[in-house]
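Written below as structure tokens is the structure these notes are about.
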Amino acid sequence: MKPAGQWEFPTIYRTNACPSSLIPFDKAVPSKDHSGWVHFFIHDSRFTRLLNNPWRYLPILAKFDGVLSPDYSVFWDIHSTGS
């Protein structure tokens with residue numbers, strides 16, 4: 001995978017593929033089974049390490065059939081109890 005642009009982000013290609021199975025990122029990293037697609041429908045804290053160091057995890061993610069793009073929360077106080 002080659003970085004692109006000024007910020008050297010990896011290129012994400014669009015596809016119409018349908019995953020046969022899904023595995024959460026935090027379970028995918030130690031997994032020996034690389035079938036299926038990696039997803040990020042987990043608490044942000046469980047994939048912050050990917051966002052802090054994406055190039056470290058690209059070789060791991062590349063072993064899977066596909067990866068759904070992460071969607072990190074942008075609200076600082078999303079878990080606050082106040083209104």
Side-chain angles (χ1 to χ4, degrees):
M1 183 172 296
K2 184 176 179 180
Q6 176 184 359
W7 302 105
E8 296 187 351
F9 288 125
T11 303
I12 298 174
Y13 297 99
R14 181 179 170 164
T15 181
N16 291 325
C18 184
S20 58
S21 63
L22 296 171
I23 183 170
F25 171 76
D26 58 332
K27 303 279 192 265
V29 171
S31 178
K32 302 291 184 211
D33 179 8
H34 298 118
S35 62
W37 288 38
V38 179
H39 74 78
F40 296 89
F41 302 115
I42 54 179
H43 192 277
D44 293 353
S45 64
R46 293 167 72 187
F47 66 94
T48 298
R49 59 188 166 148
L50 168 73
L51 299 172
N52 288 332
N53 193 357
W55 296 110
R56 176 180 179 194
Y57 294 96
L58 284 176
I60 296 168
L61 296 173
K63 295 177 183 177
F64 288 86
D65 296 335
V67 178
L68 301 176
S69 181
D71 184 14
Y72 201 71
S73 298
V74 295
F75 299 104
W76 289 101
D77 62 349
I78 193 165
H79 299 291
S80 69
T81 56
S83 50

Does the separation of the ring centres of F47 and Y57 fall below 6.0 angstrom? no
So which pairs with a foot in residues 22-37 pass side chain to side chain donor-acceptor pair (under 3.5 Å), sequence neighbours left out? D26-R46, D33-S35
Summary of salt bridge (charged side-chain N to carboxylate O under 4.0 Å, His left out) pairs that have at least one residue in residues 54-66, sequence neighbours excluded: none
Can you tell me how far the CG atom of L50 sits from the CG atom of D44, to the nearest 0.5 Å? 11.5 Å
State plainly whether one hydrophobic cluster holds both V67 and L51, where clusters connect Ile, Leu, Val, Met, Phe, Trp and Tyr through side-chain heavy atoms under 4.5 angstrom apart. yes
May I ask whether L22 and F40 are part of the same hydrophobic cluster, defined by side-chain heavy atoms of I, L, V, M, F, W, Y residues being less than 4.5 angstrom apart, directly or through others? no
Ignoring hydrogens, what is the shortest heavy-atom contact between F64 and G36? Give both atom names and the distance. CB-O, 3.7 Å
Heavy atoms, side chains only, cut-off 4.5 Å: are V38 and I60 in contact? no
